[in-house]
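Single-structure report; data block below.
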Amino acid sequence: MDLSALSGVDLSTAFKTPTISSNLYNGSDSMIVNNREDNSAFGTLFDSAVNMIKETNDYSNAAQEEEIKYALGESDSIHDLQIAQQKANISLQYTVAVRDAFLSAYKEIMNITF
């Protein structure tokens, strides 16, 4: 068994645990609630909901643009079209699920008797 090919391998970096990078650190995620003293909890929640709706709208617009490009022959990548459509679909499903949870919580609060 020839191990000469492994002579240049640095074993200290070869077996490190991979790190998962995320865009959450820059505050671009709509679900991040920033603790600011000038906003109330409801204001922060409302801002997050508005940002989530804007993101859903952006994904939907991107999917429509990809559909138009594909239909006009400007793009021949069916993969880009399907990815854009799937992102828009998942984003819409998530937004509707959050809306349904919010309405359920609202109804539950309204049923509380004092």
Side-chain angles (χ1 to χ4, degrees):
M1 177 182 218
D2 184 26
L3 297 177
S4 62
L6 296 176
S7 63
V9 175
D10 182 15
L11 294 178
S12 65
T13 59
F15 296 106
K16 284 190 176 180
T17 305
T19 58
I20 299 172
S21 62
S22 174
N23 290 332
L24 296 179
Y25 67 89
N26 64 6
S28 65
D29 191 352
S30 64
M31 295 307 294
I32 292 178
V33 177
N34 295 323
N35 292 331
R36 296 178 291 201
E37 294 179 15
D38 59 338
N39 280 348
S40 66
F42 178 77
T44 304
L45 181 66
F46 185 75
D47 289 342
S48 295
V50 169
N51 287 339
M52 185 172 48
I53 291 170
K54 286 180 183 177
E55 287 178 9
T56 301
N57 192 30
D58 290 342
Y59 282 129
S60 178
N61 290 340
Q64 286 179 348
E65 288 176 13
E66 284 296 325
E67 289 172 5
I68 291 170
K69 284 181 187 177
Y70 187 77
L72 294 176
E74 294 175 9
S75 172
D76 59 347
S77 175
I78 191 76
H79 300 291
D80 291 341
L81 174 61
Q82 288 177 336
I83 289 169
Q85 288 175 336
Q86 195 67 12
K87 283 181 180 180
N89 186 25
I90 290 171
S91 179
L92 181 62
Q93 287 177 355
Y94 182 69
T95 302
V96 169
V98 170
R99 182 209 57 189
D100 291 346
F102 177 78
L103 288 176
S104 175
Y106 177 77
K107 288 177 184 177
E108 187 81 20
I109 291 171
M110 287 289 119
N111 288 333
I112 294 175
T113 58
F114 293 101

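- Within the model, atoms CD1 of Ile83 and CD of Gln86 stand 9.5 Å from one another, a figure rounded to the nearest 0.5 Å.
- Here NZ of Lys87 is found 13.5 Å from OG of Ser60. Values are rounded to the nearest 0.5 Å.
- In this structure, NZ on Lys107 lies 12.5 Å from CE on Met110, to the nearest 0.5 angstrom.
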Show me, pair by pair, the donor-acceptor contacts under 3.5 angstrom made by side chains of residues 95-104, not counting sequence neighbours?
residue : atom : partner : partner atom : Å
Thr95   : OG1  : Thr56   : OG1          : 2.7
Thr95   : OG1  : Ser91   : O            : 2.9

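- Minimum interatomic distance between Ala63 and Ala84 (heavy atoms only, all atoms of both residues): CB-O, 3.6 Å.
- Ile78 pairs with exactly one of Asp76, Asp80, Leu81 by the side chain to side chain contact (heavy atoms under 4.5 Å, CB included) rule, that one being Leu81.
- Every residue two or more places apart in sequence or in another chain that forms a side chain to side chain contact (heavy atoms under 4.5 Å, CB included) with Asn61 is listed here: Asn57, Gln64.
- In this structure, Glu108 has no side chain to side chain contact (heavy atoms under 4.5 Å, CB included) partners at least two apart in sequence or on a different chain.
- Residues that satisfy the side-chain hydrogen bond (donor to acceptor under 3.5 Å, both in side chains) test with Gln82, not counting sequence neighbours, are absent from this structure.
- Here CD1 of Ile53 is found 10.5 Å from CG of Leu92. Values are rounded to the nearest 0.5 Å.
- Residues meeting the side-chain hydrogen bond (donor to acceptor under 3.5 Å, both in side chains) test with Gln85, sequence neighbours left out: Glu67.
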